[in-house]
There are 2 protein chains.
Amino acid sequence: MENKSEICLPTCSVDYAFKRIGGKYKGRILWYLHDHKTLRYGALKRILYDVTTKMLTQTLRELETDNLIIRKVYHEVPPKVEYSLTETGGELIPFIDHLRQWGDRQIEKENRKL
Amino acid sequence: MENKSEICLPTCSVDYAFKRIGGKYKGRILWYLHDHKTLRYGALKRILYDVTTKMLTQTLRELETDNLIIRKVYHEVPPKVEYSLTETGGELIPFIDHLRQWGDRQIEKENRKL
DNA sequence: CGGAATCCAGTTAGATACTG
DNA sequence: CAGTATCTAACTGGATTCCG
């Protein structure tokens, strides 16, 4: 499975950016990693809770390839892998945070209508 | 075809927001509508250029349902339909702009490496 | 524990043709 | 002009099983 971001030239930088963080779980993963500083594979899976191992692994690999997260392997038994944000990935946090606040406001609005 | 945003409760507001603007063309459409104030269907199709009528219509309907854009129909011959941002949609522009700038920086970085 | 591999159903999106 | 309808290829994502 190839990383989409490698096989197509973006037509504009908005497109470029959305390709990198627009995946089904990417926004949440970046946000949770910022929240917890570092998370293990299993912990991430528990927080996202509806994700399959296949999807999680695939998504993490894409984020790693795009240099948004770091994958650190501890060669122990049992194995341990920790994920954290890169500096580039961290630069996206203000954006995600604003988006989160916007989302909160919309959810509130919708609730008031009911 | 149901609008996804209607059939699932978001697990968190990050997820909520990404569902609304994370589609393949949504970011670009919002950005272009902000840039041009208002755009006709055909103009949008030309700017996005690789989109099919089916995808464009579907995406525009989702954005409309989520109250991010306005669809204004002129009952003329030939027909004329203009799209523009709602106030809520406009609130997203600063974030998309931020994302766009981030994208620009990444593209530059990648070019320097080559 | 942190995945990889395989198989398969379901969805999505593209091409094409047609319409008010 | 601004779509709709239909068909199909392609891809996505889920379940399951297995491995170092």
Side-chain angles (χ1 to χ4, degrees), chain A residues 1-8 11 15 18-29 32-33 36 38-66 69-84, chain B residues 1-8 10-11 15 18-29 32-33 36 38-65 69-84:
Chain A
M1 224 269 327
E2 290 290 329
N3 188 333
K4 275 180 238 165
S5 51
E6 294 185 309
I7 55 173
C8 63
T11 51
D15 199 37
F18 270 104
K19 280 207 173 59
R20 268 144 196 83
I21 64 166
K24 195 172 174 186
Y25 299 96
K26 289 185 178 178
R28 284 164 74 195
I29 290 177
Y32 295 145
L33 283 180
H36 294 78
T38 163
L39 282 170
R40 298 182 59 174
Y41 182 91
L44 262 173
K45 184 156 163 46
R46 238 169 294 121
I47 300 178
L48 295 168
Y49 97 93
D50 59 342
V51 75
T52 59
T53 64
K54 183 181 160 188
M55 264 305 290
L56 181 53
T57 302
Q58 180 181 311
T59 306
L60 289 170
R61 291 289 184 280
E62 288 180 15
L63 289 170
E64 197 193 355
T65 300
D66 287 338
I69 66 170
I70 291 166
R71 177 170 183 268
K72 186 171 182 184
V73 182
Y74 294 83
H75 291 284
E76 307 171 353
V77 179
K80 174 176 166 185
V81 180
E82 281 186 350
Y83 294 92
S84 57
Chain B
M1 223 270 324
E2 289 290 328
N3 188 334
K4 276 180 236 165
S5 49
E6 294 186 309
I7 56 174
C8 64
T11 52
D15 201 36
F18 270 104
K19 279 207 173 60
R20 266 144 196 83
I21 65 167
K24 195 172 174 186
Y25 299 96
K26 288 184 179 178
R28 285 163 73 195
I29 290 176
Y32 295 145
L33 283 180
H36 294 79
T38 163
L39 282 171
R40 299 180 60 173
Y41 182 90
L44 263 172
K45 184 155 163 44
R46 238 170 293 121
I47 300 178
L48 296 168
Y49 96 95
D50 59 341
V51 74
T52 60
T53 64
K54 183 182 158 190
M55 265 305 290
L56 180 55
T57 301
Q58 180 182 311
T59 306
L60 289 169
R61 292 289 185 278
E62 287 180 17
L63 289 170
E64 197 193 356
T65 300
I69 66 170
I70 291 166
R71 176 170 183 269
K72 185 169 183 186
V73 182
Y74 294 82
H75 291 283
E76 309 170 355
V77 179
K80 174 177 166 183
V81 180
E82 281 185 350
Y83 293 92
S84 56

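Within every chain, numbering begins at 1; the chains are lettered A, B, ... in the order of the sequence lines, protein sequences first and strands thereafter.
- In this structure, NZ of A/Lys45 is placed 14 Å from C1' of C/dA4, rounded to the nearest angstrom.
- In this structure, A/Tyr41 atom OH and C/dG3 atom P are separated by 6 Å, rounded to whole Å.
- When the side-chain nitrogen and oxygen atoms of B/Lys24 are compared with OP1 and OP2 of C/dG14, one or more of them lie within a distance under 4.0 Å.
- When rounded to the nearest whole Å, the span between CD of A/Glu64 and C1' of C/dG3 equals 13 Å.
- Remark: C1' of C/dA4 and CG of A/Leu60 are 14 Å apart, rounded to the nearest angstrom.
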Candidate pair A/Leu44 and A/Leu60, rule side chain to side chain contact (heavy atoms under 4.5 Å, CB included), full reasoning | CA-CA 10 Å; A/Leu44 262 173; A/Leu60 289 170; 3.9 Å; yes

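- Considering only side-chain N and O atoms, B/Arg40 lies under 4.0 angstrom from the phosphate OP1 or OP2 of D/dA2.
- Look at A/Arg61 and you won't find any side-chain N or O under 4.0 angstrom from OP1 or OP2 of C/dG2.
- In this structure, NZ of A/Lys26 is placed 11 Å from P of D/dT12, rounded to the nearest angstrom.
- Not a single donor-acceptor pair, N or O on each side, falls under 3.5 Å between the base of C/dG3 and the side chain of A/Lys54.
- We find that CE of A/Met55 is positioned 14 Å from P of C/dA4, with the value rounded to whole Å.
- OP1 or OP2 of D/dG3 sits under 4.0 Å from a side-chain N or O of B/Arg71.
- For A/Tyr41 (side chain) and A/Thr53 (main-chain N/O), a donor-acceptor pair under 3.5 Å exists by modelled atom type.
- Within 4.0 Å (heavy atoms only), B/Tyr74 reaches no atom of the nucleic acid at all.
- Positionally, the nearest nucleotide of DNA chain D for B/Thr57 lies more toward the 5' end than for the other of A/Tyr25 and B/Thr57.
- Here the straight-line distance linking atom CG of A/Leu39 with atom CD1 of A/Ile29 works out to 10.0 Å at 0.5 Å rounding.
- The CG atom of B/Leu56 sits 14 Å away from the P atom of C/dA15 (whole-angstrom rounding).
- If you take CD of B/Gln58 and C1' of D/dA5, they are 14 Å apart, rounded to a whole angstrom.
- Of all nucleotides listed (C/dA15, D/dA2, C/dG3), C/dA15 comes nearest to the side chain of B/Thr52.
- Note that CD1 of B/Ile47 is 9.5 Å distant from CZ of B/Arg28, once rounded to the nearest 0.5 Å.
- Distance CD1/B/Ile70 to OH/B/Tyr83: 12.5 Å, rounded to 0.5 Å.
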